[in-house]
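Order of appearance sets the numbers: ligands from 1, and atoms from 1 within every ligand.
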Amino acid sequence: MRAACGRVLLVAAFGLAGGAGLASPPWLAQGPLPTGMTAGGTGVTAIGDPAGFETWLQGFGPRAQAAGLSSWTLERALAGLRYNAGVIEKDRNQSEFVRPIWDYLDRAVSDQRIENGRAALHAHRRLLDRIEATYGVEREVVVAVWGLESSYGQNRGDIPVIEALATLAYDGRRGAFFEGELIDALKIVQAGDVVLRDFTGSWAGAMGHTQFIPSSYLAFAVDFDGDGRRDIWSDDPADALASTAAYLARSGWQTGRPWGMEVTLPAGFDYALSGERVEKDVAGWQALGVRRADGRALPDHGAGSVLLPAGARGAAFLVFANFHAIERYNAADAYVIAIGHLSDRLRGGGPIRAAWPREDRALSFAERQELQERLTRAGHDTGGVDGKMGPKTLAAVRAFQRAAGLVPDGYASFDLLERLR
Ligand code: CA
């Protein structure tokens with residue numbers, strides 16, 4: 001879970017679960033999964049008792065006051081608050097949700113999203129000129145975030161933020177995190193940036209054009225149009241887009257540099273060198289035979305890592321410092337690659353050249369746990385059986401692959417699980 005570390009601040013919104021089009025907030029995931037955009041989940045727990053909500057709310061009041069909220073704010077914002085069972089249902093469903101990266105990218109960087117993004121670049125060109133000049137973040141990247149998070153403002157979410165966060169805070173699964181977000185949401189109300197009627201978002205409290213959660217709003221939102229309010233909710237996207245650029249700038253965005261690029265690896269590439277933990281300068285990768293996907297020499301954008309989000313049989317990317325700036329929004333590799341690739345397409349770049357192993361399917365949460373159990377039994381330490389494909393599990397996968405004479409790309413495929421069975 002990255003949000004507790006202050007890392008994950010935005011939500012990917014693709015209508016993956018149907019309905020409002022806002023789904024699968026990756027900050028609920030337990031870590032990036034190489035097989036795609038999925039909330040790794042902590043396992044499914046029982047749905048909380050709605051009858052206890054009132055009691056919880058009475059206990060919450062004093063804690064909110066201790067955090068600096070006035071009785072006036074609390075009385076207004078919490079009056080008549082309801083438990084929202086639909087929010088909990090969405091929370092439960094997404095914890096089991098698994099989607100391979102190629103499916104994710106097909107939706108995230110669809111022709112429609114590219115076309116709408118180019119239209120948005122044109123329609124808002126003067127605003128984007130000023131945002132780019134102020135924050136040094138290229139317009140295509142800001143617009144790509146907008147496109148992924150809310151389909152360029154079309155799906156900003158219509159669930160009352162206080163109701164959603166109070167329900168999640170009461171429900172218990174990650175309750176402490178959501179209570180913190182609820183308190184931050186109440187601070188937004190108290191500051192007068194939004195009226196309660198307009199204070200809406202997706203089911204997990206992500207708000208506005210670029211789906212900031214309340215803590216990221218308090219930390220990074222800006223009043224770019226100078227009307228005295230940091231307004232990320234209304235139809236005018238100026239404050240929301242500038243806030244997104246401000247967030248990326250504060251996360252170390254390097255102006256004029258790419259997030260990464262698709263590359264090809266030479267025959268005999270040492271797959272132990274893939275993964276974010278290995279960084280080399282461009283000369284080092286060039287010497288190993290890594291080339292741009294179009295065959296040209298690698299441009300020098302500083303140190304980078306080779307990522308293989310679907311293992312040796314899928315596309316390879318060389319990623320640079322700006323990859324990590326986007327990662328501060330959302331640590332899932334699939335999300336960062338989607339933002340980067342959509343921004344490239346908005347700039348006129350072509351599709352990803354390599355094929356994906358589309359015949360594969362992603363492992364379910366239960367299968368990821370089974371994989372960890374079987375790897376552990378085979379003598380490869382996965383650091384526990386939690387269904388999360390963290391660094392220890394990836395290392396265990398590589399060790400098993402090496403011992404079995406397979407390509408050690410760390411890719412936890414269904415075939416690999418079958419081989420362990
Ligand atoms: Ca404003």
Side-chain angles (χ1 to χ4, degrees), residues 6 9-11 13 22 68-70 72-73 76-77 116-117 119-165 181-202 204-251 253 255 325-326 328-330 339:
L9 298 154
L10 294 176
V11 55
L22 300 166
L69 290 154
S70 69
W72 190 74
T73 300
R76 276 191 318 141
N116 293 349
L121 282 168
H122 181 74
H124 299 280
R125 59 194 180 281
R126 277 185 278 278
L127 168 66
L128 293 163
D129 283 344
R130 290 196 297 127
I131 289 174
E132 209 170 69
T134 306
Y135 299 104
V137 179
E138 287 79 2
R139 63 192 61 216
E140 293 85 358
V141 175
V142 173
V143 169
V145 172
W146 191 21
L148 259 73
E149 297 293 349
S150 71
S151 294
Y152 312 104
Q154 288 174 48
N155 299 319
R156 309 201 288 276
D158 56 6
I159 299 175
V161 170
I162 303 284
E163 180 180 297
L165 290 173
E181 291 299 322
L182 175 59
I183 284 174
D184 285 349
L186 291 163
K187 287 179 181 170
I188 295 169
V189 173
Q190 184 158 291
D193 281 299
V194 63
V195 296
L196 280 169
R197 190 182 57 248
D198 299 332
F199 198 29
T200 57
S202 69
M207 315 173 299
H209 292 266
T210 51
Q211 297 284 284
F212 274 50
I213 53 174
S215 57
S216 57
Y217 175 93
L218 290 180
F220 301 109
V222 296
D223 172 21
F224 197 65
D225 66 5
D227 72 349
R229 295 191 309 135
R230 299 186 286 172
D231 177 11
I232 63 172
W233 298 272
S234 68
D235 289 344
D236 180 351
D239 286 359
L241 298 184
S243 298
T244 296
Y247 185 88
L248 281 169
R250 292 263 295 274
S251 301
W253 187 263
T255 309
I326 302 170
R328 302 263 309 215
Y329 271 49
N330 182 325
I339 294 285

Asp225: which N/O/S atom is nearest the Ca ion (ligand 1)?
OD1
Anything under 30° is parallel, anything over 60° is perpendicular, the rest tilted; go ahead and classify Tyr247 against Tyr329.
perpendicular
Tell me which N, O or S atom of Asp239 sits nearest to the Ca ion (ligand 1).
OD2
Within Asp231, is some N, O or S atom less than 3.0 Å away from the Ca ion (ligand 1)?
no
The Ca ion (ligand 1) - closest N/O/S atom in Asp227:
OD1
Could you tell me if Glu138 and Trp253 have a donor-acceptor pair between their side chains, going purely by distance under 3.5 Å?
yes
Taking N, O or S atoms only and a limit of 3.0 Å, check whether Arg230 reaches the Ca ion (ligand 1).
no
Which of these, Asp235, Thr200, Ile232, sits in a side-chain contact (heavy atoms from CB on, under 4.5 Å) with Arg156?
Asp235
Please give the atom name: the N, O or S atom of Asp223 nearest to the Ca ion (ligand 1).
OD1
Working to the nearest 0.5 Å, report the span between OG1 of Thr134 and CD of Glu132.
10.0 Å
Drop me the distance from Leu148's CG to Ile339's CD1, to the nearest 0.5 angstrom.
4.5 Å
